[in-house]
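Protein chains get the first letters and strands the later ones, always in sequence-line order, with residue 1 at the start of each.
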Amino acid sequence: MQDQAPRQRGRFSESKKDHPMAGFILKRLLQAVFVVLAVTLIVSFAIRLSGDPAIMLMGGGNVTEQDLQNIRQALGLERPFFVQYLDFLEGMITGDFGKSFMGGTPVSMLIANALPATLLLAFTSLIVSIVLSVPLGVYAAVNRGRWPDQMIRILSLVGLSFPNFWLAIMMVLLFSIVLGLLPPSGMEGPESFVMPALTMAIILTATNVRLVRTSMLETLSQQYIMVARSKGLRDRVVLYKHALRNSAIPLVTYIGLQFGGLIGGIVIIERVFNWPGMGTLAFDAISNRDYPVLQGTITVLALFIVLINLLVDIAYGLIDPRIRTE
Amino acid sequence: MHVSSAPSREHGWMSDTANRRSQDQALLSVRSLSVEFGKGEGAFRAVKDVSFDVQPGKTLAVVGESGSGKSVTSLAIMRLTDYTGGRITGGQVLFRPDGGEARDLVKASDAKLREIRGNDIAMIFQEPMTSLNPVFTIGNQISETLILHQGLGGRDARQRAKELLQKVRLPDADKLLDRYPHQLSGGMRQRVMIAMALACNPKLLIADEPTTALDVTIQAQILNIIRDLQQEMGTAVIFITHDMGVVAEMADDVVVMWKGEKVEQAPVRDIFAAPQHPYTRALLSAVPRLGSLKGQPFPKRTPVMVMDGGVAKPVGETHEQNTADYTKPILQVDKLTTRFDVGKTFFGRVTHRVHAVEEVSFDIYPGETLALVGESGSGKSTIGRTLQQLVEPTGGTVRFDGRDMAAMSQGERRRLRQEIQYIFQDPFASLDPRHTVGYSIAEPIIVHGLINDRKERDRRVHELLEQVGLQPQHAKRYPHEFSGGQRQRVCIARALASNPKLVIADESVSALDVSIQAQIVNLLMELQERKRLSYLFITHDMAVVEKISHRVAVMYLGQIVELGTRRAIFENPQHSYTRKLLSAVPIADPQRERAKTRIEGEIPSPVRPVGQEPAIHRMREVEPGHWVAIETDQLRGAA
Amino acid sequence: AGTLTTAVAIDPGSWDPIDTFLVDWSSAANNIFDGLTARGADMKLKPGLATSWEFLDNNSRIRFKLRQNVKFHNGEPFNAEAVKFTFDRLLGEEGRKGPQQSNYNSIDHVEVVDDSTVDFVMKQPDPVLLTKLAGYGGMIVPPKYIQEKGDAYFNMNPVGTGPFKFAEYTPKVSLTLEAFPEHWGGAPKLDKVVTRFISEANTQVAELQAGRIDVATLIPFGLAPTVEKSPNLSLISITGPTVVALRLNTKEGITKDVNVRKALIMGIDRDAIIKAVLLGHAKPIASFQSDLSFGYDPSMKPLPFDLAKAKQMLQQAKVPAGAPVRIDFRGNDATFREVAQAAAGFLQALGLKPSLQPHEPPVLLNDIIPNGKTGEAWHNAWGGWTFDYDNTAYLMYHSGEKWNPYDNDPKLNALLEKQRTMYDVKEREKVLQEIARYVADQALEIPLYNQNTLYGVNKRVKNFDAPSDRRFRFTETTVE
Amino acid sequence: MAAAQAVSSARRHFRSLELVLGLLLTVGMGLAVLFSGILFPDGGESMDLMARLTPPFQSLAHPLGTDPLGRDVLARVIVGGQISLTVGVLSVVGAVIVGTIVGLVAGYYRGIAEVLLMRFADIQLALPFILLAIMFLAILGTGIDKIIFFMVVAQWVQYARLVRGSVLALRDREFILSARAIGVGNGRIIFTHILPNVLGPIVILMTLNVANNILLESSLTFLGLGVDPLIPSWGGMLADGRTYLQTAWWVSVFPGLAIMFTVLGLNLLGDWLRDLLDPTGQTSR
Ligand SMILES: Nc1ncnc2c1ncn2[C@@H]1O[C@H](COP(=O)(O)OP(=O)(O)OP(=O)(O)O)[C@@H](O)[C@H]1O
Ligand SMILES: Nc1ncnc2c1ncn2[C@@H]1O[C@H](COP(=O)(O)OP(=O)(O)OP(=O)(O)O)[C@@H](O)[C@H]1O
Ligand SMILES: [Mg+2]
Ligand SMILES: [Mg+2]
């Protein structure tokens, strides 16, 4: 055993030299595991501080202490916190998050239903936001200081001034009730994506436009942009090939960071649009003190946030060869 | 003042008719070009009424001090000023690519301009490090032009790009195509830039200070390449520079610019032989000429011509710099070694080290200037930084005033930072942009508790400003409100604020215009005499070294390869590397035969896997105080 | 023929009758299951799966005659075994995990007499058992199906004897039921009933306006005019089971003094609140029950609004000006948020310093109320689903109960305990009325109003017999 | 010449639409909120159930109409600014102070502080903010102080990350190195050289977050976790007014506009302030 260890390490560093990315990804994966564990621990602990599901389950009616005791026992809540937590971890490894306190549906099934809905919504809105913010941001940067720039900047601030639920309700009023074009809620056809995705996208776009603009301004002042122009390239090529790719790094970083916030915002958007996603699931789970569902959803969400950030790091490499090859 | 109307302007130049004829044949005629930035009250004319012609296949050098409008003129030719917020407010840029009808680029449509840019007129910029887009491969960036202008397919473009890389003498062209800019050294990048610019066989190449940021040896290589290619393809070149040595080597004709105006134009020999405009004279007087102090035992201050309201006035005096006191060294460096850990494994084990400085030994005496020369990456700055305690040494001892630095207490080490001062290369970068220069100068006084009274301190700051030739009221300004030369003076004032004994000047004059450079060098020498300062003068510019130093140490790859008095090094260089450095320096004299020695190759990397220590050179003393490393194969192979 | 779509706020998660306490469960599942008894939209008790019942052995045994030829949706026959199985399950291990068991603890066990007769043997008298058998945990489930498929499967795929059978369930989205033509009460007129889960009121109303749901159940009063104004919708407002009061802290603060409590009642113009904030969709109450409730005393009148008198009483009680009155309430109840602000406005007029503390419901229910951490007053909305004052009064006023963190009144305790053992309906009613009067006399709470049940209904829905307790039964309903 | 430059640049700034608009909005809003006690001595609390939902622009008594309890919308919007701005500003100031100190230490000294910060940031990033808020407030109870405290807890990491990033970039800049070469100690370097240089991005993030936090208070009310509804706040009014959007738009639109103007004003001022903090005028706007 003892004389094996160094050899193994040697082999490892050998392979590391061949794939510098591998070590990096491994390190990030370890960090990811740590983060997800910490998140689940915090959430599991905090939710237990905030109320007893037994009373929630009894609906606050005609209950005796004995009834509560029975329920706690049936749910395994009388055990010490760490035993419950370890139990949860053990299940998690096999993908079994337990059963909902509310009705005993397996949490994994609830998540399997909700996750695609949320991811679909999150990615649609991200993509819509990118499609909106990149040309606007570039346009503002190119016209820096002139009125299109000022308009775009002021409009983006207006976009930041309304809470998402309010924006959502206004959209419903306009598109569903006044115009009768779109379904007010639910996830059915593609048309039901329009409003939720647009609402989130507007809010994301408001910040992204400014980001694109600033990083474009930075890039546009670089020498290589002048070089590209001196080659006779079209403006479009200069802006969208040479400049944008360089500006993409802060944008991609920010989008990675945004993802966590996006999930937070999704709780409210899902509620207004009655979107059967993870936000709804988690919110209801908190209201009901449905520990398994909350732990399950938060774990999966955290996993996704961490994963997205990992992807962002890898995307760096794709965008910027300086990171890839060093 | 309108020099162009003065009759003396015609001296040595063409008659009126000849002038017109040349205009008809000229590839490019710039006529009364003016460029403005900003609007209304804030408007600023960067180029005023500038006219000149470029003949096919010839090289026109544009010289002038920093900010005189050289770059703006060159950008305006291609109408690239449109993208920097500039406006062409008057004049014409007549371009005649195939001897036919001239086309005025000032009025050309965007589409027409795009056709010309990169195809008929190409440009090389000053900064090779930032001229290539970091996220695209070299191949992609060269092919782009070919695909755009010559309609080549992807594969043909790549083939052609490869040939171009070979043309600029880049080895392994095939592999290079798939590399990214950051994987190339500065010299290689600049050669890629040249390849890119020449891709479509342009009629006119505009090179805006293409070698200023490079080492002398690399500069020599690049200049050779441009010259050869120009001959081969018959390209006309506008060569922008402020280095008169380069002008002497490259140009057929010279345009001198000053404050946005053209003040003189003449064939290169005439400019050097009989400069007409006072500014040209001032410029030439400031150019350090290698070998000018031949046979003299001490460095010497000489007067510098300074422009004062349109006339050149000599400033300063001729004075021998016999200040060194060789009884007891102030600084003794013995086998100093500094390494940096780079590459680490997943578990944090170091795999590679940069051997920046390896067993370097030298002394500095009071009142003496020791110059440390060598190419980029040879470890010069690292020595300076180690002495200033900005970097931890890996081994060796440093004694200051007889005390071992390693044995010093925390407090003594802090005091040492008062006695040793460091002036950085880039004066702009080394001043905090958010504080007034007065604050920056006062800071060492404050932190070392030298003067506690506020008024007293302000007085001292004013005094320091005056010492370096600035005015007391400048204390309230911010760094960006100064010119480069002024900023460097501020940095010097700050270094002097704490009454140091030793000043480490790291490339402190390299970024400056020659005339400013000459003034700063004089200032440093003056201060040395007055305060008995010792200097460790770090630079790669051999001509300046000759002017300022008492002794010289030549560094190569982390080690000193030759150490001796100024005379010994310049008049009797022993080491092949020293000789190579000296021969690469462009000589500001068009009469002189151009150096025939071709310098190829790059300095090997100081990065080594752990365990593979570099061999330490043994030194031998060729004459008293003149030490030379015994050359190994490794070194000879590279040189 | 046709499909009717309703919306409720919450997905109960399981369709097993013993797992739930939610009204929203009942809104959907009342169509799937039958109880032994049933309650119509008029809230009157009537036969369900039992055709008749009689009390035996000094009320300690209840004998039910069961309906013949009734089948579960899966074809399994309904019989005495099924009843016994249902209650064994409810009262046994499986029932212990859910909230329903405690409602039926008065039953000792169920005995099968013959295939169509069962006896409930009682542990103790339970005057409201028959009402309880009409819903929730008492609904009859198929024994074979559950034994074969297991409880977990049953949660997601419920089978009962009701007029509609389970078709599809997507958690958090919807439940679809199909007509069960063999229902003993006759085939339903609709083909399908879809229940969607929409927790945000604005969204329910928007869906209603868009014609995508037919019946909306979550209508905060602020949105009622929106529904009323829509040409294709009608607003149904009927007396409901929910009563709302501000319960008072009798242990600490200014409300310790009964006169102060009375002054607070008189100082709040409840009629004005009903008229302006609730737009008339409520009735004033004198005790904490609706007029549908057993034990309601029509002769009891609420204390009148009298600002001057209230001020005077406060002065007499030496309540300093600006004395704090904190009201804890459920933060997510949009209607009450306004009511509370209005009430606070009146308290302010009395010279007091009211403050409102919103809570997340679990916190309020789990911690603030049971642990006596409330301010001077707290929000209590109570939907007595049995329509029996006992269900409210015992939990509210008996000492040691979770909902009664402060008061301990031996007289009240005695009265509450006494009525629980009485089977004589008239006598019991009298005791309940006495309790109500006593509570009013002690001013243990500020009775605010009996809130109407509001439905927003699309006009294409016909024969919709709106139940005040939201337990829908769509047998007769049709859509155009 | 420097003075002339400064004057001309100041004039340029003043001429800019943004500054004028920013000043107008922020100062106007600030003054109104500051003097709301004098303007509306009743604090917007007087209720008149009979005059509920009076439409705007119809009477002088209620120029912006009344809410469902017959309270004056104008008074409540002005008074409501106190809470909204307090929440927005205090939470941001708290987070900035904590985050900046941690970020400076982590970025400058590296080591364990940095590792801890980065992991902490990772964890907080992976916790959906709203869900955390719900849990946090469920445990601590609601209230303005708790909401502010929570926002500080939830947001300091943003500043810490930002500051750390800037410090890492600045650390090896030559002017920091040259300050060190002069003998300037660490504390002085951090506070006189690094801090002023990271202020620009902090100001921008701050102004964005003030807006964000005003809106967050609104979202919490929407979720039933807001503060005492008796104390008017823009967020609370906006959330409570949502049921009246079809019948009485003014109840939520005016507080919405108040938020919008404040956000606009603050951000425009923030942009301008960042330029002001940067004497070089280099940073791209
Ligand atoms: N984009 C711009 N906006 C405003 N002023 C500018 C701009 N570009 C250049 N200038 C000004 O125009 C003048 C001429 O600048 P230019 O770059 O041509 O000088 P140069 O002769 O090339 O100097 P150097 O040797 O330092 O490169 C300078 O005063 C400079 O400040
Ligand atoms: N902090 C550091 N970490 C790693 N490597 C370093 C570090 N500082 C310097 N080096 C490396 O050490 C070597 C010597 O650098 P140094 O800056 O001393 O060279 P130099 O002679 O001053 O060059 P130049 O003329 O370009 O300033 C170079 O290869 C450089 O990349
Ligand atoms: Mg230039
Ligand atoms: Mg250096």
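Between A/V35 and D/I123, the shortest heavy-atom contact is CG1-CA, 4.1 Å. Of all heavy-atom pairs spanning A/F283 and D/L223, the tightest one is CE1-CD2, 3.6 Å. Minimum heavy-atom separation, A/V39 to D/A126: CG2-CB, 4.0 Å. The two residues A/S161 and D/I259 come nearest to each other via the heavy atoms O-CG2, 3.3 Å.
Residue contact with chain D, scored on non-hydrogen atoms closer than 4.5 Å, involves the side chain of A/F34 exclusively. Proximity to chain D (any heavy atom under 4.5 Å) is shown, for A/I47, by both the backbone and the side chain. Proximity to chain A is limited to the side chain of D/L208, based on heavy atoms less than 4.5 angstrom apart. Residue D/V210: no heavy atom, backbone or side chain, is found under 4.5 Å from chain A. Interface residue A/L294: only side-chain heavy atoms are found under 4.5 Å from chain D. Contacts between D/A239 and chain A at a heavy-atom distance below 4.5 Å involve backbone atoms as well as side-chain atoms. Within the 4.5 angstrom heavy-atom criterion, only side-chain atoms of A/I305, from C-beta onward, approach chain D. For A/R48, no part lies under 4.5 angstrom from a heavy atom of chain D. Proximity to chain A is absent for every atom of D/T262, based on heavy atoms less than 4.5 angstrom apart.
Counted within 6.0 Å of CZ on A/F81, heavy atoms from surrounding residues, nucleotides or ligands total more than 12; the atom is thus considered enclosed. Taking a 6.0 Å sphere around OH of A/Y85, one finds it holds more than 12 heavy atoms contributed by other residues, nucleotides or ligands.
The candidate with the highest count of non-hydrogen atom pairs below 4.5 Å against chain D, out of A/V267, A/I266, A/L262, is A/V267. Contact tally against chain A (heavy-atom pairs below 4.5 Å) for D/N267, D/L216, D/V263, D/L238: the top residue is D/L238. Counting heavy-atom pairs under 4.5 Å between each of D/L127, D/L245, D/I204 and chain A puts D/L245 at the top. Top candidate by heavy-atom pairs under 4.5 Å with chain D, chosen from A/V36, A/V43, A/V306, is A/V43. The greatest number of non-hydrogen atom pairs below 4.5 Å with chain D, out of A/S221, A/P163, A/A141, A/A302, is found for A/P163. The most heavy-atom pairs under 4.5 Å with chain D, out of A/A46, A/A38, A/S287, come from A/A46.
Side chains of D/S252 and A/W166 form a contact here, defined as non-hydrogen atoms less than 4.5 Å apart. Between D/Q246 and A/I177, some side-chain heavy-atom pair lies under the 4.5 Å cut-off. Looking at D/M260 and A/L160, their side chains never come closer than 4.5 Å, going by heavy atoms from C-beta outward.
Rounded to the nearest 0.5 Å, atoms CZ (A/F165) and CG (D/L215) are 8.5 Å apart. Atoms CD1 and CG, from A/I154 and D/L268 in turn, are 5.5 Å apart once rounded to the nearest 0.5 Å. For the atom pair CE (A/M170) and CZ (D/R242), the distance works out to 14.0 Å, reported to the nearest 0.5 Å. Remark: A/I42 CD1 to D/Q124 CD distance equals 8.5 Å, nearest 0.5 Å. With rounding to the nearest 0.5 Å, the separation of CZ in A/R271 from OG in D/S219 is 12.0 Å.
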Problem set entry | Worked check of side chain to side chain contact (heavy atoms under 4.5 Å, CB included) between A/I268 and D/F222 | CA-CA 9 Å; A/I268 286 174; D/F222 171 79; 3.9 Å; yes
